[in-house]
Novice: 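I have a structure I would like to understand better, so I am pasting it below and will then ask my questions one at a time.
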Amino acid sequence: RLNSVNGKGQGFRSYLLNVCCDSGSKTKKNSSIVADLGGLNGSANGSCTLERRFWSSAEVIMALRQYCEELAQVLNSDDGPRAAGLFSKDDVHVPQVLADVSLKMRNNQRLATTRLPEPYDDMCEYHLQTVFHLAHDRLEEAYDAMSNMVQAFYRVFPDDSAWSCPLLHVVMSDLRHIGAAADQHLSQVGRKADKLEDAARWLNKFFSTCVTDRTQPLRSSKKGSTLHVINNLFKIYFKIANLRLCKNLIKAVEAKTFPDLSEFPAAEVVTYKYFVGRLAMFDGEYKRADDCLFYALQHCHKDAFTNKRLILLFLIPVRMLLGFLPRDRLLSKYNMGQFAEVVHAVRVGNLKLLTEGLIKHQSFFVNHGIYLILEKLKVITYRTLLKRVMLIKGTHKIRLVDVQAALAFVGENLDMDEIECVLANLIYQNYVKGYVSHAPPYLVVSNKGNAFPPFASVK
């Protein structure tokens with residue numbers, strides 16, 4: 001007989017671990033519970049692995065009953081973090097026993113969930129259906145069940161207090177992950193992938209609810225979850241390449257009525273700055289992109305190597321366009337040798353080496369969406385080469401034939417008209433202060449020490 005979850009019993013998680021672990025079997029510490037099937041990748045945090053086994057009807061009924069009893073207690077006590085865990089697709093309750101409940105024990109499932117308050121009884125049923133479909137790799141059905149769960153949650157969330165915000169975070173994350181997996185599957189079979197778009201519509205409803213909550217202080221308000229919702233929407237919009245919708249979210253954050261970012265968790269602010277920086281980079285606002293991405297890098301957790309590397313993938317091209325070249329030890333530390341040839345080419349003004357570096361690692365740069373940004377470094381490479389020619393000649397009057405010879409030396413064979421076009425663009429964008437003389441053909445640069453202005457003045 002199962003003990004009830006009332007502080008004296010062992011609790012559902014302890015029961016699940018006890019009935020799943022065979023004392024005579026080999027154990028693996030902190031091992032994965034099940035293979036990742038559309039997101040089922042929870043961890044047992046124990047010394048046993050939950051193996052696939054046959055569950056008797058009695059065991060299924062008892063496990064379901066105890067799960068619902070624990071969930072009812074959590075809901076009655078407004079325990080947001082525990083409720084979030086019990087509704088998460090990655091929690092310890094997910095594998096085997098509850099994954100088999102949804103359709104195998106339909107009547108008993110319905111009987112157990114009726115003990116829960118509305119609409120959490122519906123949420124529980126849809127949650128069990130979700131993990132059932134995920135366990136059987138039915139991603140489209142899993143998303144539909146998850147969407148129904150979100151719809152049920154939305155019926156109560158506007159009237160709930162901020163205690164349910166941790167549950168909101170888990171629900172949004174699971175909806176997004178399952179939607180992405182379902183869209184990938186739909187694309188592979190030649191069908192329209194629209195699950196993430198549907199997920200974005202639901203997240204926008206929760207965003208409206210959170211941003212309009214006027215409860216004070218912020219930690220007691222649903223507005224404290226606004227940045228978390230925005231970051232999830234950013235991830236969806238970047239995934240489906242619909243970046244124009246991001247600007248409305250940024251306007252909401254920059255509004256005078258929105259709380260200061262310092263009041264939000266550092267992790268949420270770092271994520272927000274990262275996406276705003278990427279968006280500014282694509283819009284050509286390189287100074288703003290540098291500010292946001294550099295902030296994200298500075299405030300990122302010191303041990304978050306992967307996150308720092310992801311930030312640097314976009315910060316390095318932006319800073320190079322602003323005239324700051326990364327050091328070799330930085331590239332080596334974060335395993336970004338793909339930038340090494342490009343950085344060296346810009347540093348020495350070698351256009352041929354720059355082109356070769358871009359072609360060699362083209363797939364890497366294209367996959368991360370920075371290839372077109374790096375192509376703009378060609379203008380800076382021209383500037384570097386021109387500056388070296390001036391220093392070698394020791395005069396502010398540079399013959400165009402000398403410029404042509406320097407370009408030919410680094411693999412760029414241009415005629416005089418093309419050279420004049422390049423120089424005119426450099427002058428127009430304030431990379432060079434001077435003018436082109438046609439008779440005789442000279443580039444005359446300023447002799448006041450500012451022939452090559454700082455990059456901050458570039459248009």
Novice: Taking Glu341 first and then Lys352, would you say they form a salt bridge - that is, a charged N and a carboxylate O separated by under 4.0 Å?
Specialist: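 No, this pair does not count.
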Novice: Does Thr381 reach the main-chain N or O of Leu351 with its side chain, forming a donor-acceptor pair under 3.5 Å?
Specialist: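 Not a single qualifying donor-acceptor pair exists.
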Novice: Examine distances only and state if a side-chain atom of His136 and a backbone atom of Phe132 form a donor-acceptor pair shorter than 3.5 Å.
Specialist: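 Answer holds: yes.
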Novice: Could you tell me if the side chain of Glu268 sits less than 4.5 Å from the side chain of Leu261, heavy atoms only?
Specialist: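 The answer is no, as the side chains (C-beta and beyond) never meet within the 4.5 Å cut-off.
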Novice: Is the centre of the Phe339 ring less than 6.0 Å from the centre of the Phe365 ring?
Specialist: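 Here the rings of Phe365 and Phe339 have centres that are less than 6.0 Å from each other.
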Novice: Taking all non-hydrogen atoms of both residues, which atom of Glu418 and which atom of Asn413 are closest, and how far apart?
Specialist: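 Shortest heavy-atom contact: OE1-O, 4.3 Å.
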Novice: Check this for me, if you would: do Glu141 and Arg138 make a salt bridge, where the nitrogen-to-carboxylate-oxygen distance has to be below 4.0 angstrom?
Specialist: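 Salt bridge between Glu141 and Arg138, a charged N being under 4.0 Å from a carboxylate O: no.
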Novice: Please report the interatomic distance CZ(Arg176) to CD1(Ile236), rounded to the nearest 0.5 Å.
Specialist: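 Between atom CZ of Arg176 and atom CD1 of Ile236 there are 6.5 Å.
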Novice: Between Tyr295 and Lys273, is there a cation-pi geometry (under 6.0 Å to ring centre, at most 45° from the normal)?
Specialist: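 Ring-cation test returns yes.
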Novice: Identify whether NZ of Lys or CZ of Arg in Arg319 sits under 6.0 Å from the centre of the six-membered ring of Phe324 and within 45° of that ring's axis.
Specialist: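 Yes, cation above the ring, under 6.0 Å and within 45°.
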Novice: As an exercise, state the distance from CG of Leu331 to CZ of Arg327, rounded to the nearest 0.5 Å.
Specialist: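 These two atoms lie 11.5 Å from each other.
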Novice: Take Asp122 and Leu116 through the test side-chain contact (heavy atoms from CB on, under 4.5 Å) and record every step on the way to the result.
Specialist: CA-CA 9 Å; Asp122 290 335; Leu116 299 173; over 6 Å; no
Novice: Looking at CG of Asp78 and OG of Ser164, how far apart are the two atoms once the value is rounded to the nearest 0.5 Å?
Specialist: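 So the gap between those two atoms works out to 8.5 Å.
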Novice: If we ignore hydrogens and angles and just use 3.5 Å, is the side chain of Ser220 paired with the main-chain N or O of Gln216 as donor and acceptor?
Specialist: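 No; judged by distance alone, with no hydrogens or angles, the pair does not exist.
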Novice: Quick check on His344: does its NE2 atom have over 12 non-hydrogen neighbours (other residues, nucleotides or ligands) under 6.0 Å away?
Specialist: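 No, NE2 of His344 has 12 or fewer neighbouring heavy atoms, counting only those of other groups under 6.0 Å.
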Novice: Assess the residue pair Gln73 and Arg82 against the criterion (side-chain contact (heavy atoms from CB on, under 4.5 Å)); give the C-alpha distance rounded to whole Å, side-chain angles, the decisive distance to 0.1 Å, and a yes or no.
Specialist: CA-CA 10 Å; Gln73 183 191 45; Arg82 285 181 65 196; 3.8 Å; yes
Novice: Under a 4.5 Å cut-off applied to non-hydrogen side-chain atoms, are Lys205 and Ser208 in contact?
Specialist: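 No. Closest side-chain heavy atoms not under 4.5 Å.
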Novice: Under 4.0 Å between a Lys/Arg side-chain N and an Asp/Glu carboxylate O for Glu263 and Arg219?
Specialist: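 Salt bridge flag = no for Arg219 with Glu263.
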Novice: Which pair of non-hydrogen atoms, one from Met320 and one from Val346, has the smallest distance, and what is that distance?
Specialist: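 Distance-wise, the nearest heavy atoms are CE-CG2, 4.0 Å.
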Novice: Check Asp160 with Lys222, please: is the shortest side-chain N to carboxylate O separation under 4.0 Å?
Specialist: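 Judged by the 4.0 Å cut-off on N to carboxylate O distance, Lys222 and Asp160 do not form a salt bridge.
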Novice: Can you tell if the side chain of Leu167 reaches within under 4.5 Å of the side chain of Tyr120, non-hydrogen atoms only?
Specialist: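 Yes; the side chains approach each other to less than 4.5 Å.
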Novice: Determine whether Glu140 and Lys192 satisfy the following criterion, salt bridge (Lys or Arg N to Asp or Glu O under 4.0 Å), listing intermediate values before the conclusion.
Specialist: CA-CA 12 Å; Glu140 189 174 358; Lys192 183 180 179 180; over 6 Å; no
Novice: Whether Asp198 and Arg201 form a salt bridge (side-chain N of Lys/Arg under 4.0 Å from carboxylate O of Asp/Glu) is what I want to check.
Specialist: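 Counted as a salt bridge, because a side-chain N and a carboxylate O are separated by less than 4.0 Å.
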Novice: Below 4.0 angstrom, N of the basic side chain to O of the carboxylate: do Asp183 and Lys239 qualify?
Specialist: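 Not counted as a salt bridge, because no side-chain N and carboxylate O are separated by less than 4.0 Å.
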Novice: Any side-chain to backbone donor/acceptor pair from Tyr143 onto Lys195? Under 3.5 Å, distance only.
Specialist: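 At least one qualifying donor-acceptor pair exists.
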Novice: Answer with yes or no whether the side chains of Tyr382 and Glu412 bring together a donor and an acceptor at under 3.5 Å.
Specialist: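 Yes, Tyr382 and Glu412 have a side-chain donor paired with an acceptor closer than 3.5 Å.
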Novice: Could you check Phe87, Trp202, Phe206 and say which one makes a ring-ring contact (aromatic ring centres under 6.0 Å, His included) with Phe153?
Specialist: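 Option passing the ring-ring contact (aromatic ring centres under 6.0 Å, His included) with Phe153: Phe206.
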Novice: Who passes salt bridge (Lys or Arg N to Asp or Glu O under 4.0 Å) against Lys223, sequence neighbours left out?
Specialist: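 For Lys223, no residue satisfies salt bridge (Lys or Arg N to Asp or Glu O under 4.0 Å) once neighbours in sequence are set aside.
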Novice: Give, for atom CD of Glu197 and atom OH of Tyr237, the distance between the pair rounded to the nearest 0.5 Å.
Specialist: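 Nearest 0.5 Å value for the CD-OH distance: 10.0 Å.
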Novice: Can you check whether Ser262's main-chain N or O pairs, donor with acceptor, with Asp260's side chain at less than 3.5 Å?
Specialist: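 Side chain of Asp260 to backbone of Ser262, a donor-acceptor pair under 3.5 Å: yes, one is there.
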Novice: Do Asn307 and Thr271 come within less than 4.5 Å of each other through their side chains, counting heavy atoms only?
Specialist: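 No, every pair of side-chain atoms sits at 4.5 Å or beyond.
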Novice: Between Met336 and Leu312, is any pair of side-chain heavy atoms under 4.5 Å apart?
Specialist: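 Met336 reaches Leu312 side chain to side chain.
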Novice: Checking Ser225 against Phe264 for the side-chain contact (heavy atoms from CB on, under 4.5 Å) test, could you report, in this order, the C-alpha distance in whole Å, the side-chain angles of both residues, the deciding distance, and whether it holds?
Specialist: CA-CA 9 Å; Ser225 294; Phe264 292 90; over 6 Å; no
Novice: Does Asp174 use its side chain to pair, donor to acceptor, with the backbone of Lys89 at less than 3.5 Å?
Specialist: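 Yes; at least one donor-acceptor contact below 3.5 Å.
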Novice: Please answer whether the main-chain N or O of Leu353 pairs with a side-chain N or O of Asn350 as donor and acceptor at a distance below 3.5 Å.
Specialist: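 Flag set: sc Asn350 to bb Leu353 pair under 3.5 Å.
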Novice: May I have the step-by-step check of side-chain contact (heavy atoms from CB on, under 4.5 Å) for Glu375 and Leu372, ending in yes or no?
Specialist: CA-CA 5 Å; Glu375 272 199 325; Leu372 296 178; 3.8 Å; yes
Novice: Does a side-chain heavy-atom distance below 4.5 Å link Arg383 with Val379?
Specialist: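 In short, these two side chains do not touch, never coming nearer than 4.5 Å.
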Novice: Is it the case that the side chain of Asn425 and the backbone of Cys421 share a donor-acceptor pair, with hydrogens and angles ignored and the cut-off at 3.5 Å?
Specialist: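 Pair found, side chain donor or acceptor close to backbone of Cys421.
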Novice: Provide the closest heavy-atom pair for Ile311 versus Tyr274 in the form atom of the first, atom of the second, distance.
Specialist: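 Minimum heavy-atom separation between Ile311 and Tyr274: CG1-CD1, 3.9 Å.
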Novice: Looking at every non-hydrogen atom in both residues, tell me the closest pair between Ile370 and Phe314 and how far apart they are.
Specialist: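 Ile370 and Phe314 have their closest heavy atoms at CG2-CD2, 3.6 Å.
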Novice: Would you give the length of the straight line joining atom CG of Leu227 to atom CG of Asn232, rounded to the nearest 0.5 angstrom?
Specialist: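 Those atoms lie 10.5 Å apart.
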Novice: With a 6.0 Å cut-off (strictly less than), is the heavy-atom count around CD of Glu118, excluding the residue itself, greater than 12?
Specialist: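 Counting neighbours around CD of Glu118, 12 or fewer heavy atoms of other residues, nucleotides or ligands fall under 6.0 Å, so no.
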Novice: In chain order, what residues pass the ring-ring contact (aromatic ring centres under 6.0 Å, His included) check against His169, with sequence neighbours excluded?
Specialist: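 Checked His169 against ring-ring contact (aromatic ring centres under 6.0 Å, His included); matches are His228.
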Novice: Between Asp90 and Ser88, do the side chains contain an N or O donor and an N or O acceptor separated by less than 3.5 Å?
Specialist: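 Asp90 vs Ser88: no donor-acceptor pair found between side chains.
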Novice: Given 3.5 Å as the limit, does a donor-acceptor pair link the side chain of His177 with the main chain of Ser173, or not?
Specialist: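 Looks like yes, one N/O pair under 3.5 Å.
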Novice: What pair of heavy atoms forms the shortest contact from Cys292 to Val276, and how long is it?
Specialist: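 For Cys292 and Val276, the tightest heavy-atom pair comes out as SG-CG1, 3.7 Å.
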Novice: Looking at every non-hydrogen atom in both residues, tell me the closest pair between Leu279 and Phe238 and how far apart they are.
Specialist: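 Closest pair (atom of Leu279, atom of Phe238, distance): N-CZ, 4.2 Å.
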Novice: Do Asp79 and Ser77 pair up side chain to side chain, a donor and an acceptor below 3.5 Å, judged on atom types alone?
Specialist: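 There is no such pair between these side chains.
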Novice: So, for Phe305 and Tyr334, is the gap between ring centers shorter than 6.0 Å?
Specialist: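 Under 6.0 Å, so yes.
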